[in-house]
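Note that this is a predicted model, so its numbers are computed, not measured. Just so you know, these numbers use all the heavy atoms, side chains as well, and skip hydrogens, waters and symmetry mates.
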Amino acid sequence: MIQLIKAEQLKIYNRPMVLIMGICLIIVTTLVAVFNVGKTHKSEINDWKSMLIEENHSLREDMKKAPEEMKQFFETQIKRNDYILERGLLPNQMTAWKFVSLMSNFLPLITLFSLIVASDIVAGEFQWGTMKLLLIRPVSRSRLLLAKYCSVLLFAALFLAFMLLISWLIGAILFGVKGAMEPFIFSRDKQNFQDIPMVMNISITYGLKMITLFVIVTLSFVISILFRSSSWAVGISVFILFSGNLVGPLLQHINAGWSKFFLFTNLNLEEYFFGSRSVEGMTLPFSIGVLLVHTFFLCLVGWIVFAKREVN
């Protein structure tokens with residue numbers, strides 16, 4: 001099995017497409033870092049308390065003129081500033097660790113790249129006629145399919161780790177290595193704020209993103225099994241990803257009771273730590289359980305289809 005996975009990994013990383021993906025990640029990370037260089041001046045760091053007090057004053061004046069639906073936004077920002085002032089937390093000072101946290105907003109790039117690779121790994125073999133050469137080996141279809149599945153999961157995990165490492169290295173060069181224990185401020189109800197060390201925030205965020213990434217990769221992998229054309233598999237995977245992200249909030253808006261069992265409603269696991277769930281009755285174990293059930297049935301469908309598919 002290990003040799004099969006190694007062979008699949010070689011096939012993945014020998015593609016020019018994967019090299020282009022890596023270069024794109026480095027370019028995006030560098031551009032974001034350069035944009036944030038010099039964003040906070042020394043004068044702003046020295047006068048941050050007076051600046052926040054002045055900002056709160058302006059926010060209160062703006063809130064008086066704002067429509068009712070916008071007042072919640074101003075109240076939340078004022079309470080956040082008050083929390084920073086009470087705790088004496090220096091805001092807006094970029095560090096390598098804060099930059100890594102910032103780059104978590106660009107993790108959908110990793111999802112997209114992993115989706116493309118997962119959607120092509122089986123469909124591409126059928127499209128180019130190489131699947132027959134794999135199946136004539138003394139290896140069962142189940143072992144071959146498992147090797148390909150493990151390979152795409154490993155690719156997704158390594159690419160996520162690559163982005164984390166590149167973000168930290170570029171951040172360390174431009175902003176310094178301090179800030180691991182710097183507080184990360186958040187609120188679950190937009191009223192009461194709290195903080196945790198930045199390194200803990202990064203661990204939670206990237207760990208939960210890993211779970212979401214594996215589920216989406218599994219979905220794309222199964223779609224790759226269902227189609228003989230890699231173009232169709234990639235296109236349909238991208239369509240399902242974006243349409244699912246649109247349908248999920250729509251189901252929540254119309255208060256559909258069964259929406260909590262919908263796959264895409266449970267993908268944003270970070271809300272359990274840094275936000276509030278919009279659907280009642282959902283907990284972190286519940287969402288993980290729903291994702292596991294979906295993943296199991298997706299794998300089951302993929303295995304049945306692949307086991308019965310004829311290869312010309």
Side-chain angles (χ1 to χ4, degrees), residues 1-22 24 108-162 209-245 263-264 267 291-312:
M1 177 60 68
I2 295 178
Q3 293 301 321
L4 288 174
I5 294 175
K6 285 182 178 179
E8 292 297 331
Q9 287 287 292
L10 286 174
K11 285 195 287 186
I12 290 175
Y13 291 109
N14 282 336
R15 298 178 182 180
M17 173 181 65
V18 174
L19 177 61
I20 294 172
M21 290 176 181
C24 286
L109 273 177
I110 302 294
T111 302
L112 180 61
F113 293 159
S114 301
L115 177 151
I116 292 172
V117 171
S119 300
D120 178 71
I121 194 167
V122 177
E125 301 277 11
F126 281 107
Q127 180 175 333
W128 297 107
T130 53
M131 182 58 75
K132 186 175 182 179
L133 299 176
L134 295 177
L135 294 179
I136 62 176
R137 297 177 180 179
V139 178
S140 66
R141 290 195 176 199
S142 299
R143 285 170 61 85
L144 177 62
L145 192 64
L146 180 59
K148 286 184 173 292
Y149 181 54
C150 291
S151 294
V152 292
L153 292 182
L154 185 58
F155 170 82
L158 290 176
F159 238 54
L160 182 67
F162 176 71
K209 290 287 188 184
M210 181 81 76
I211 297 174
T212 302
L213 181 61
F214 281 2
V215 174
I216 295 175
V217 165
T218 302
L219 174 62
S220 303
F221 180 74
V222 173
I223 292 173
S224 179
I225 297 172
L226 299 178
F227 291 88
R228 293 178 180 269
S229 169
S230 59
S231 300
W232 274 99
V234 172
I236 291 174
S237 296
V238 172
F239 173 77
I240 291 176
L241 177 62
F242 285 100
S243 60
N245 287 330
L263 174 65
F264 289 90
L267 284 178
L291 294 178
L292 287 174
V293 171
H294 278 280
T295 301
F296 172 77
F297 279 105
L298 285 170
C299 291
L300 182 62
V301 169
W303 179 79
I304 292 174
V305 172
F306 188 75
K308 295 183 176 181
R309 169 161 288 182
E310 294 183 1
V311 180
N312 299 324

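- With values rounded to the nearest 0.5 angstrom, I223 atom CD1 is found 3.5 Å from I240 atom CD1.
- Between the CZ atom of F113 and the OG1 atom of T111 there is a distance of 10.5 Å, given to the nearest 0.5 Å.
- Between the CD1 atom in I236 and the CZ atom in F239 there is a gap of 9.0 Å [rounded to 0.5 Å].
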Under the side chain to side chain contact (heavy atoms under 4.5 Å, CB included) criterion, do L145 and F221 qualify, and how do the steps go? CA-CA 10 Å; L145 192 64; F221 180 74; 3.6 Å; yes

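- Residues A156 and V217 share a closest heavy-atom pair of CB-CG2, 4.0 Å.
- Nearest approach of K148 to I121, heavy atoms of both residues: NZ-O, 3.3 Å.
- The two residues I216 and L115 make their nearest non-hydrogen contact at CG2-CD1, 4.2 Å.
- Side-chain atoms of L219 and S237, non-hydrogen and from C-beta on, never get closer than 4.5 Å to each other.
- F155 and S114 get closest at one heavy-atom pair: CE2-CA, 3.9 Å.
- Here the shortest heavy-atom pairing between S220 and S119 reads CB-OG, 3.4 Å.
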Just do the side chain to side chain contact (heavy atoms under 4.5 Å, CB included) check on V238 and L112 with the steps written out, would you? CA-CA 8 Å; V238 172; L112 180 61; 4.2 Å; yes

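- When side chains are defined from C-beta on, K209 does not count as touching I110, because their heavy atoms never get closer than 4.5 Å.
- In this structure, the side chain to side chain contact (heavy atoms under 4.5 Å, CB included) partners of V215, at least two apart in sequence or on a different chain, are L263, L267, L291, T295.
- Put simply, the side chain of S224 gets close to the backbone of A123: a donor and an acceptor are under 3.5 Å apart.
- Looking at N14, its side chain does come within 3.5 Å of a backbone N or O of L10 through a donor-acceptor pair.
- Under the salt bridge (Lys or Arg N to Asp or Glu O under 4.0 Å) criterion, R143 pairs with no residue, sequence neighbours left out.
- From L144, atom CG reaches atom CZ of F306 across 5.0 Å, with rounding to the nearest 0.5 Å.
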Begin with the C-alpha distance, continue with both residues' side-chain angles, and end with the deciding distance and a verdict on side chain to side chain contact (heavy atoms under 4.5 Å, CB included) for L109 and C24. CA-CA 9 Å; L109 273 177; C24 286; over 6 Å; no

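- The line from CH2 of W303 to OH of Y149 is 15.5 Å long, rounded to the nearest 0.5 Å.
- Nearest heavy-atom pair, L153 versus F214, reported as atom, atom and distance to 0.1 Å: O-CE1, 3.5 Å.
- Atoms CD and CG, from Q9 and L154 in turn, are 4.0 Å apart once rounded to the nearest 0.5 Å.
- Environment of OH in Y13: crowded, with over 12 heavy atoms of neighbouring residues, nucleotides or ligands closer than 6.0 Å.
- Applying the side-chain hydrogen bond (donor to acceptor under 3.5 Å, both in side chains) test to T212 and every residue at least two apart in sequence or in another chain returns nothing.
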